[in-house]
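Below is one structure, written out as structure tokens; the observations come after it.
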Amino acid sequence: MAAMSEAKVAVVTGAARGIGLATTRRFVEAGYAVAMLDIDATALERAAGDLPGRVLPIECNVADIAQVRAAAHKVEAGLGRVVALVNNAGVALFKPILETTLDEW
């Protein structure tokens, strides 16, 4: 892999499963170092452990700005400058939209 200053670095949120994990795999296959952010630390560690290449799992609730700032510092210190970001994290709320509060939205 290229030196840290030359490495391609991606950040993927919601990276422990589903689309986020599949996206992480694609970046790894393309030679990127990937910071994997997810709120589920157990699933995140398991997913990261199954991947080849350079990955940095970071437990992070992207709805918490303090955690996002801390994660950004970890990514920069551990992997370098980010060139790609996939904001994939989300929640599933199964109820009618007219019953959804602004906080839930």
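Heads up: numbering here begins at 1 and tracks the sequence. Computed from a prediction, not measured in an experiment: that's the story for all the values here.
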Go through D64 and V68 one step at a time and tell me if the side chain to side chain contact (heavy atoms under 4.5 Å, CB included) criterion holds.
CA-CA 6 Å; D64 181 327; V68 172; 5.9 Å; no
Under the side chain to side chain contact (heavy atoms under 4.5 Å, CB included) rule, what do L51 and L21 come out as? Steps first, then yes or no, please.
CA-CA 10 Å; L51 291 170; L21 181 54; 4.2 Å; yes
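- Here the shortest heavy-atom pairing between L44 and E59 reads CD2-N, 3.7 Å.
- Atoms CD and CD1, on E104 and I97 in that order, are 9.5 Å from each other to the nearest 0.5 Å.
- Counting heavy atoms from C-beta outward, Y32 and V9 have side chains that stay 4.5 Å or more apart.
- For the pair M36 and A47, the tightest heavy-atom approach, listed with the atom from each and the gap, is CE-CB, 4.1 Å.
- Hydrophobic clustering (ILVMFWY, side-chain heavy atoms < 4.5 Å, transitive): I58 and I39 are in distinct clusters.
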Worked verdict on V34 versus V11 for side chain to side chain contact (heavy atoms under 4.5 Å, CB included):
CA-CA 6 Å; V34 183; V11 174; over 6 Å; no
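- Linking ILVMFWY residues whenever their side-chain heavy atoms come closer than 4.5 Å, directly or via other members, leaves V86 and V62 in distinct clusters.
- Connection of I19 to F27 is not established within any shared hydrophobic cluster, with ILVMFWY side chains joined at heavy-atom distances below 4.5 Å, either directly or through further cluster members.
- At least one donor-acceptor pair closer than 3.5 Å links the side chain of K8 to the backbone N or O of A30.
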Side chain to side chain contact (heavy atoms under 4.5 Å, CB included) for L37 and Q67? Distances and angles first, verdict last.
CA-CA 10 Å; L37 278 60; Q67 288 187 36; over 6 Å; no
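- Nearest heavy atom pair, residue T24 against residue A15, reads OG1-CB, 3.7 Å.
- A donor-acceptor pair under 3.5 Å is formed between the side chain of K95 and the backbone N or O of E99.
- Here the closest non-hydrogen pair linking N88 and T13 is N-OG1, 2.8 Å.
- Within the 3.5 Å criterion, the main-chain N or O of H73 finds no donor-acceptor partner in the side chain of E76.
- Closest approach of R54 and G78 over heavy atoms only: NH2-O, 2.8 Å.
- Scanning both residues, A16 and D38, for their nearest heavy atoms gives N-OD2, 3.1 Å.
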